[in-house]
There are 2 protein chains.
Amino acid sequence: MLTNSEENYIKEIYSLEQKHQTDVNTNLLAEKIETKASSVTDMLKKLAKKDLLIYQKYKGAKLNTKGEKVALAVVRKHRLWETFLVEKLNFSWDEVHEIAEQLEHIQSEKLTNELDAFLNFPKVDPHGDPIPDVNGNFATIKTVCLSKLNIDDEGVFVEVKDDSDKFLKYLTKNNITIGAKIKVVDKEDFDNSIKIEIDKKQFNISENVIKNLYLKI
Amino acid sequence: MLTNSEENYIKEIYSLEQKHQTDVNTNLLAEKIETKASSVTDMLKKLAKKDLLIYQKYKGAKLNTKGEKVALAVVRKHRLWETFLVEKLNFSWDEVHEIAEQLEHIQSEKLTNELDAFLNFPKVDPHGDPIPDVNGNFATIKTVCLSKLNIDDEGVFVEVKDDSDKFLKYLTKNNITIGAKIKVVDKEDFDNSIKIEIDKKQFNISENVIKNLYLKI
DNA sequence: ATAAATTTTTAGATAAGTCTAAATTAAAAA
DNA sequence: TTTTTAATTTAGACTTATCTAAAAATTTAT
Ligand SMILES: [Mn+2]
Ligand SMILES: [Mn+2]
Ligand SMILES: [Mn+2]
Ligand SMILES: [Mn+2]
């Protein structure tokens with residue numbers, strides 16, 4: 001049995017491993033968890049002792065098979081609950097993250113699996129992130145970052161990488177919602193901003209926005 | 001913001017106050033929370049300092065208005081989640097208590113109220129216990145303990161006072177489920193057991209069972 | 001290759017919640 | 001009304017998760 005804190009660390013380590021494809025280092029993890037580096041060191045030692053990850057002093061940490069399984073189980077719960085909140089309880093995609101942070105720690109395999117069935121085994125959550133199935137498997141839909149597109153390219157917006165409510169509210173305000181067809185109208189080299197078209201309306205978005213939007217082309 | 005532990009104490013104090021109509025004493029509370037009396041004393045001091053109850057050394061504790069409000073909010077969540085698990089996720093009434101013990105601590109008023117609406121504002125949980133509404137009000141259905149009935153009296157089983165899975169499984173096995181029509185066929189004075197009839201089948205139940213069954217007559 | 005800067009770890013402290021054992025107070029029995 | 005028993009509180013310790021400040025190791029720059 002793991003504590004909420006342990007589960008949060010493991011989930012974040014998993015996420016950073018996926019993103020950077022390297023061992024996770026202390027400072028970055030501290031920043032993500034919103035804690036201090038010294039606390040991270042303590043926790044990494046503890047998780048290593050519990051045989052959930054490999055930890056080498058000054059070198060960083062890497063989940064082992066057991067740790068990865070835990071991470072996928074927590075991610076599965078997080079995304080199923082987010083889906084539940086949006087699909088069944090009238091939440092918008094910018095309101096669910098914080099609550100799912102709590103719900104992801106509820107311990108009951110039956111609950112998770114019944115919830116999955118109740119939602120008709122959804123493949124992605126409200127942010128387009130894939131939901132691992134009961135065995136930890138998930139389909140990796142091939143998506144392309146909007147920054148990779150050229151002028152006149154278009155695609156369907158299917159996944160957002162920044163889950164913060166601020167960012168999601170900005171997207172909603174500008175009609176950039178999952179499923180929207182986006183076309184690149186113009187690109188500005190000096191600041192990497194681009195002009196896009198959605199539903200025949202055109203507007204500019206900055207590099208910071210672009211890098212968090214993923215499309216199916 | 002209260003911790004899970006604080007909420008558990010407050011909920012249990014509320015429940016004992018309702019049952020015994022007196023200040024709650026340390027040892028009983030310790031037994032219910034499954035902890036030691038010394039831990040209870042520490043917690044009572046803390047909750048008194050947080051202005052959630054009145055605590056007098058050696059005299060016991062009593063929730064104030066603020067504490068009662070917290071208790072009702074936790075009870076509301078507990079019973080709504082139990083209802084959700086049974087109504088929507090195919091759980092049986094003996095499987096939900098432990099999970100609701102966790103879910104009752106999720107912090108989000110919107111979640112609680114949306115869940116309430118999603119379930120069509122249920123009045124009672126799967127054990128027949130009343131669910132407080134958003135303002136903490138609940139209908140007190142007038143029920144009578146089975147032990148109060150005489151031979152040939154009958155009523156509808158609407159509430160069970162012992163929520164343990166062992167007891168609930170026993171009831172299920174004997175067709176004693178919420179809504180069942182129960183008739184008292186015979187009473188034994190020497191051990192206070194009785195013979196009841198449900199669906200034309202008769203069988204004996206002991207005093208320990210009887211005192212936890214409440215009927216509408 | 002050495003010095004400076006950065007990252008990471010260690011040492012020691014704190015708060016919450018729990019425990020055991022001892023002391024104190026209250027209640028029951030003699 | 002003493003004495004005995006039971007209930008409750010206090011004292012001191014432990015665990016988990018966190019922090020600050022200082023030390024150590026690693027990386028980067030000169
Ligand atoms: Mn979390
Ligand atoms: Mn998500
Ligand atoms: Mn609980
Ligand atoms: Mn119940």
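By convention in this document, chain letters (A, B, ...) are assigned in the order of the sequence lines, proteins followed by strands, and residues within each chain are numbered from 1. Note: hydrogens, waters and symmetry copies are ignored here, and every other heavy atom, side chains too, is used. Bear in mind the structure is a predicted one, so any value in this text is a computation, not a measurement.
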Shortest side-chain distance from [X], nucleotide among [options]:
X: B:S39; options: C:dT18, C:dA11, D:dT10; result: C:dT18
X: B:Y58; options: D:dC19, C:dT25, D:dT10; result: C:dT25
X: A:M43; options: D:dT18, C:dC19, C:dT9; result: D:dT18
X: B:N27; options: D:dA7, C:dC19, C:dT10; result: D:dA7
X: A:K57; options: D:dT10, C:dT9, D:dT18; result: C:dT9

Counting neighbours of CD on A:E31 that are heavy atoms of other residues, nucleotides or ligands and sit closer than 6.0 Å, is the number greater than 12?
no
Expressed in angstrom and rounded to an integer, what is the separation of [X] atom [atom1] from [N] atom [atom2]?
X: B:E31; N: D:dA6; atom1: CD; atom2: P; value: 16 Å
X: B:Q56; N: C:dT24; atom1: CD; atom2: P; value: 22 Å
X: B:E34; N: C:dT18; atom1: CD; atom2: P; value: 12 Å
X: B:K45; N: C:dA16; atom1: NZ; atom2: P; value: 14 Å
X: A:I33; N: D:dT16; atom1: CD1; atom2: P; value: 18 Å
X: B:N8; N: C:dA16; atom1: CG; atom2: P; value: 17 Å
X: B:K36; N: C:dA16; atom1: NZ; atom2: P; value: 23 Å
X: A:K59; N: C:dT9; atom1: NZ; atom2: C1'; value: 15 Å

Does B:D116 come within less than 4.0 Å of B:R76, counting only side-chain N to carboxylate O?
yes
Given the structure, check if the side chain of B:S38 and the base of D:dT8 hold any donor-acceptor pair shorter than 3.5 Å.
no
Do A:T3 and D:dT16 share a donor-acceptor pair, side chain to base, under 3.5 Å?
no
Identify whether any heavy atom of B:T26 sits under 4.0 Å from a base atom; if not, whether one sits that close to sugar-phosphate; answer base, sugar-phosphate or nothing.
sugar-phosphate
Please determine if a side-chain N or O atom of [X] lies less than 4.0 Å away from the OP1 or OP2 oxygen of [N].
X: B:Y9; N: C:dT18; answer: yes
X: A:Y55; N: C:dT8; answer: no
X: B:N25; N: D:dA7; answer: no
X: A:S5; N: D:dT16; answer: no
X: B:T35; N: C:dC19; answer: yes

Please tell me which of A:D42 and B:D42 maps to the more 5' nucleotide of DNA chain D, matching each residue to the nucleotide holding its nearest heavy atom.
B:D42
In this structure, which one of A:K161, A:E82, A:E159, A:R79 forms a side-chain hydrogen bond (donor to acceptor under 3.5 Å, both in side chains) with A:H127?
A:E82
A:K88 charged N/C atom sitting above A:F118 aromatic ring, 6.0 Å / 45°
yes
Establish, from distance only, whether the side-chain atoms of A:T172 and A:W93 form a donor-acceptor pair under 3.5 Å.
yes
Any donor-acceptor pair under 3.5 Å linking the side-chain atoms of B:N208 with those of B:S206?
no
